[in-house]
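Reviewing the structure listed below.
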2 protein chains.
Amino acid sequence: MKSAWWHAWRCNRCDTERASEETRRTLLLASFEEIHRCGFQASSLQNILKNTKLTKGALYHHFRNKQDIGYAVVDEILKDFIHEQWIKPLAQTNDPIQTLKEIMQYTGEQMTQEDIELGCPLNNLSQEMSSIDDGFRHRIEGLYQDWRVAIADALESGKARQLVREDVNTKQFAIVFVATLEGCIGMAKSSQDMEILQECGMGLMDLLETLR
Amino acid sequence: MKSAWWHAWRCNRCDTERASEETRRTLLLASFEEIHRCGFQASSLQNILKNTKLTKGALYHHFRNKQDIGYAVVDEILKDFIHEQWIKPLAQTNDPIQTLKEIMQYTGEQMTQEDIELGCPLNNLSQEMSSIDDGFRHRIEGLYQDWRVAIADALESGKARQLVREDVNTKQFAIVFVATLEGCIGMAKSSQDMEILQECGMGLMDLLETLR
DNA sequence: CTCACTCCATACCAATTGGTATGTAACTTA
DNA sequence: TAAGTTACATACCAATTGGTATGGAGTGAG
């Protein structure tokens, strides 16, 4: 039945459906945090449920199994993050180099001590699960691919505007850029030293400037 | 009792001590491989023992607990690897840039498909355990520190020989170099694509050349 | 010969794991 | 009103986990 406008006024079905989506979202966010803290394999469904005050009934109603939860975290939460933080700004910018530096600076400033300790959730999951579960690997590699393509495309369009040197290998640079960024965050994670992150960031910024 | 030379001829004590060290080494290597495959937390003592055909009695005779095994893997196996592969060659070289490129090339060529899939054991452990266990973190960070210092020192000595530009920030470069290298291996791991590793390697090689 | 010590095997343990079966309240549909 | 579906909660399960207690074979010391 199509919902007419007057159904918005107290449509019980809509209410419960919205509530259901909300609990699913709650489960998903709690799962993301648990996985971010402990890794996927060491993450415990008990802990997730403890934090949400929900039960296994709820969890296994919305997800088929633990693997399904992990996949959903990548497909929904991590994907959203990459798109909002990187891909959308890059798709709109006129000056890709400037935008890349701005995103780096912004995310660097937003980072708390805990963020540094926990590291990049995408990289964490990638390093842990890529060699163990192909479902994870394909999803994660897809995200990295989107990310790199967005950077390369932005740099190519920067060439057209003569804001990027013509001889730059944009595809290769995108690979190195993402790799270096993840590497830097990883270094900061193990050293738990903000200075290391900044030194790394500076190095990357310098590298970016060489593209002009 | 000091062992005189004639004790070498059938010293039963020495035999058993050597055998004991050997089983410890067997356990340690099997643990390293299991951890490299599954990560530390997901690694199973049962699997380790299954591969060695030893038992828990042996394992808990040589190690206090699972954590102790992980620490020993870092302190002995990973440390040895970094020192042999990177620190020693860098300490002896006259041309640090050339040596860095040679090590990269050599390790790149030696890498099997499985090595790419499993990634760098040091980085794997670092990303998994740094935020969870400070014992791991300190040990791993110590290794990274040694590694970076070796690179920076080599580059500094390269300055004296005018093989490295005077204005190079060697300490910062060492950080970026190690971060990028680990990032590249991580990218190759999730993409399972040798080409990605080579593109990354090329980028790093180019970066190295800018130091001359 | 006896005692103690090293090195390792066997058997067992509580705790935790992901997963399932069943129950039930709320709501929609017929 | 009766039947069916959704959205959970509760109770339970086998399997696996890291860890321990005990035992025994081999060896050196006294």
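These values consider heavy atoms only, across backbone and side chains, with no hydrogens, waters or symmetry-generated copies. Protein chains get the first letters and strands the later ones, always in sequence-line order, with residue 1 at the start of each. All figures in this text were calculated on a predicted structure; none of them were measured in a lab.
Rounded to whole Å, atom C1' of dC8(C) lies 20 Å from atom CZ of Arg25(B). Whole-Å rounding puts the Ile48(B) CD1 to dT16(D) P distance at 16 Å. For Leu27(A) and dA7(D), the CG to C1' distance is 12 Å, given to the nearest whole Å. If you measure from atom NE2 of His61(B) to atom P of dT10(C), you get 16 Å, rounded to the nearest angstrom. Rounded to whole Å, atom C1' of dA9(C) lies 11 Å from atom CG of Leu49(B).
Within the structure, ring-ring contact (aromatic ring centres under 6.0 Å, His included) contacts touching residues 27-60 of chain A (residues at least two apart or in different chains) are Phe32(A)-His36(A), Phe40(A)-Phe136(A).
Residue-level contact check: Leu54(A) touches the backbone only, with heavy atoms under 4.0 Å from sugar-phosphate atoms and none from bases.
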Polar atom pairs (N or O), protein with nucleotides 17-20 of chain C, under 3.5 Å:
unit_1: dT17(C); atom_1: OP1; unit_2: Ser44(A); atom_2: OG; d: 3.1
unit_1: dT17(C); atom_1: OP2; unit_2: Gln46(A); atom_2: NE2; d: 2.9
unit_1: dG18(C); atom_1: OP1; unit_2: Ser43(A); atom_2: O; d: 2.9
unit_1: dG18(C); atom_1: OP1; unit_2: Lys66(A); atom_2: NZ; d: 3.0
unit_1: dG18(C); atom_1: OP2; unit_2: Leu45(A); atom_2: N; d: 3.2
unit_1: dG18(C); atom_1: N7; unit_2: Lys56(A); atom_2: NZ; d: 3.1
unit_1: dG19(C); atom_1: OP2; unit_2: Tyr60(A); atom_2: OH; d: 2.8
unit_1: dG19(C); atom_1: OP2; unit_2: Lys66(A); atom_2: N; d: 2.8
unit_1: dG19(C); atom_1: O5'; unit_2: Tyr60(A); atom_2: OH; d: 3.4
unit_1: dG19(C); atom_1: N7; unit_2: Lys56(A); atom_2: NZ; d: 2.8
unit_1: dG19(C); atom_1: O6; unit_2: Lys56(A); atom_2: NZ; d: 2.6

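Remark: Asp68(B) engages no residue in a side-chain hydrogen bond (donor to acceptor under 3.5 Å, both in side chains) (not counting sequence neighbours).
Residue Met104(A) places its CE atom among more than 12 non-hydrogen atoms of other residues, nucleotides or ligands, all under 6.0 Å distant.
By the 4.5 Å heavy-atom criterion applied to side chains, Lys189(B) and Asn123(B) are not counted as neighbours.
The shortest distance between the side-chain N/O atoms of Ser20(B) and the OP1/OP2 oxygens of dC8(C) is below 4.0 Å. At the phosphate of dC7(C), neither OP1 nor OP2 sits under 4.0 Å from any side-chain N or O atom of Thr23(B).
Between Leu204(A) and the options Leu100(A), Leu181(A), Val176(A), a side chain to side chain contact (heavy atoms under 4.5 Å, CB included) holds for only Leu181(A).
Under the 3.5 Å distance criterion, with hydrogens and angles disregarded, no donor-acceptor pair is assigned to the side chains of Glu33(A) and Asn51(A).
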